Amino acid sequence: MSPQDIAAKTGETIGTSEWAEMSQERINQFAEATGDHQFIHVNEEMAKMTPFGGTIAHGFLTLSMIPYLSANSDLPKVDNIKMAVNYGGNKTRFIAPVRSGKRIRGHWKLTEMAEKRPGQWQQTVEITIEIEGEDKPALICEWITMYFV
């Protein structure tokens with residue numbers, strides 16, 4: 001899809017991902033990678049005594065799932081792309097905890113697709129990470145990607 005075709009979808013939901021499980025193994029691996037071993041993430045017995053009733057995924061683990069969810073989604077692909085890079089994020093909010101074993105998926109709403117210079121497009125999307133069977137999302141953020149075509 002051309003950048004111009006994508007830009008025409010501003011204000012619309014442009015993609016939804018498949019579901020992905022936030023297993024305890026994934027949570028433990030993230031704790032190892034980041035050094036964040038807070039008991040609410042890795043100690044199932046202690047976490048049972050909290051209002052969460054068990055372990056929860058790190059908020060940053062949920063955020064870091066965006067590339068995986070994006071790759072496993074129906075998001076439109078930019079034609080003739082040479083490269084795409086993360087440009088940054090705005091307004092990230094962790095709304096609800098993701099309990100171990102729950103599944104999440106992403107929804108992308110296009111808020112802007114603008115050509116910043118010839119062949120360089122900046123896409124801004126609002127991403128909502130939904131938790132299966134829950135009323136509140138895990139997180140909502142605004143994410144910016146630069147496309148070079």
Side-chain angles (χ1 to χ4, degrees), residues 1 3 5-79 81-114 121-149:
M1 185 175 268
D5 291 339
I6 294 172
K9 297 182 175 293
T10 299
E12 297 178 24
T13 297
I14 59 169
T16 299
S17 75
E18 297 176 3
W19 291 101
E21 183 182 351
M22 296 295 266
S23 67
Q24 188 61 51
E25 179 182 6
R26 179 174 274 164
I27 294 167
N28 292 344
Q29 289 171 341
F30 190 83
E32 283 301 312
T34 62
D36 182 351
H37 294 94
Q38 187 177 165
F39 79 93
I40 62 172
H41 305 305
V42 297
N43 187 320
E44 296 176 57
E45 290 305 311
M46 286 182 66
K48 285 179 185 175
M49 296 182 280
T50 71
F52 304 123
T55 56
I56 60 171
H58 305 72
F60 285 122
L61 168 56
T62 305
L63 184 65
S64 74
M65 291 293 291
I66 290 173
Y68 176 85
L69 296 171
S70 177
N72 293 284
S73 74
D74 59 359
L75 283 165
K77 306 295 184 230
V78 178
D79 292 339
I81 190 168
K82 294 176 185 168
M83 177 175 57
V85 295
N86 290 325
Y87 188 67
N90 299 322
K91 305 177 189 171
T92 300
R93 299 293 181 264
F94 300 103
I95 308 298
V98 179
R99 289 172 178 78
S100 175
K102 283 287 197 169
R103 297 191 323 159
I104 61 170
R105 72 175 172 186
H107 300 280
W108 285 258
K109 179 181 177 182
L110 181 64
T111 58
E112 183 180 39
M113 183 75 165
W121 289 80
Q122 180 175 297
Q123 180 186 66
T124 306
V125 291
E126 179 184 275
I127 304 171
T128 302
I129 304 296
E130 169 187 10
I131 308 167
E132 188 175 38
E134 307 252 341
D135 294 331
K136 293 182 181 179
L139 70 84
I140 298 172
C141 70
E142 184 177 83
W143 197 255
I144 305 163
T145 304
M146 297 299 290
Y147 291 100
F148 299 87
V149 295

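This structure is a prediction, so every number in the text was calculated from the model and none was measured.
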- Considering all heavy atoms of both residues, which atom of Ile27 and which atom of His58 are nearest to each other, and what is their separation? O-CE1, 3.6 Å
- Message: Main chain of Leu61, side chain of Ser64: is a donor-acceptor contact present, judged purely on distance under 3.5 Å?
- Response: yes
- Enter the distance from Glu126:CD to Leu110:CG here, rounded to the nearest 0.5 Å. 11.0 Å
- Compare all side-chain heavy atoms of Ser73 with those of Trp108 and state whether any distance is below 4.5 angstrom. yes
- Message: Could you work out, with salt bridge (Lys or Arg N to Asp or Glu O under 4.0 Å) as the rule, every residue matching Lys102, not counting sequence neighbours?
- Response: Glu134
- Query: When rounded to the nearest 0.5 angstrom, what distance separates CG in Leu63 from CH2 in Trp143?
  - Reply: 6.0 Å
- Query: At what distance, to the nearest 0.5 angstrom, does NZ of Lys91 lie from CD1 of Ile140?
  - Reply: 11.5 Å
- Message: How long is the straight-line distance from OH of Tyr68 back to CD of Glu18, given to the nearest 0.5 Å?
- Response: 7.0 Å
- Message: Counting neighbours of CG on Asn90 that are heavy atoms of other residues, nucleotides or ligands and sit closer than 6.0 Å, is the number greater than 12?
- Response: yes
- Query: Sub-3.5 Å donor-acceptor pair from the side chain of Asp79 to the main-chain atoms of Met1, do we have one?
  - Reply: yes
- Gap between atom NZ of Lys109 and atom CD1 of Ile127 - 0.5 Å precision: 13.5 Å
- Are any non-hydrogen side-chain atoms of Ile66 and Cys141 less than 4.5 angstrom apart? yes
- Within-4.5 Å side-chain heavy-atom neighbours: Met65 and Ile104: yes
- Message: How about NZ on Lys77, more than 12 heavy atoms from neighbouring residues, nucleotides or ligands closer than 6.0 Å, or not?
- Response: yes
- Message: Could you check whether any side-chain heavy atom of Ile14 comes within less than 4.5 Å of a side-chain heavy atom of Leu75, counting everything from C-beta outward?
- Response: yes
- According to the salt bridge (charged side-chain N to carboxylate O under 4.0 Å, His left out) rule, which pairs have a member within residues 48-64, sequence neighbours left out? Glu45-Lys48
- Item | Where Pro137 and Thr128 come nearest, the two heavy atoms and their spacing | CB-CG2, 3.7 Å
- Can you find a pair of side-chain heavy atoms, one from Ile131 and one from Lys136, that are under 4.5 Å apart? no
- Query: At their closest point, which heavy atom of Leu139 faces which heavy atom of Gly59, and how far apart are they?
  - Reply: CD2-O, 4.5 Å
- Item | Arg99 vs Ile56 side-chain heavy atoms within contact, under 4.5 Å | yes
- Message: Please check if the number of heavy atoms outside Phe60 that lie under 6.0 Å from its CZ is greater than 12.
- Response: no
- Message: Quick check: do Asn43 and Thr55 have side-chain heavy atoms less than 4.5 Å from each other?
- Response: no
- Sequence neighbours excluded, the answer for salt bridge (Lys or Arg N to Asp or Glu O under 4.0 Å) partners of Glu132 is Arg103
- Message: Testing the basics here: between Thr10 and Thr111, what is the closest heavy-atom pair and its distance to 0.1 Å?
- Response: CG2-O, 3.4 Å
- Item | Distance in Å, Thr92 OG1 paired with Glu142 CD, rounded so as to fall on 0.5 Å steps | 9.0 Å
- Query: Does Glu130 reach the side chain of Trp19, with side-chain heavy atoms less than 4.5 Å apart?
  - Reply: yes
- Item | Tyr87 atom OH: more than 12 heavy-atom contacts under 6.0 Å | no
- Message: Looking at every non-hydrogen atom in both residues, tell me the closest pair between Phe39 and Thr50 and how far apart they are.
- Response: CE1-CG2, 3.6 Å
- Which heavy-atom pair separates Gln38 from Asp36 by the least distance, and what is that distance? N-OD1, 3.2 Å
- Step by step, would you call Glu32 with His37 a side-chain hydrogen bond (donor to acceptor under 3.5 Å, both in side chains)? CA-CA 7 Å; Glu32 283 301 312; His37 294 94; 3.0 Å; yes
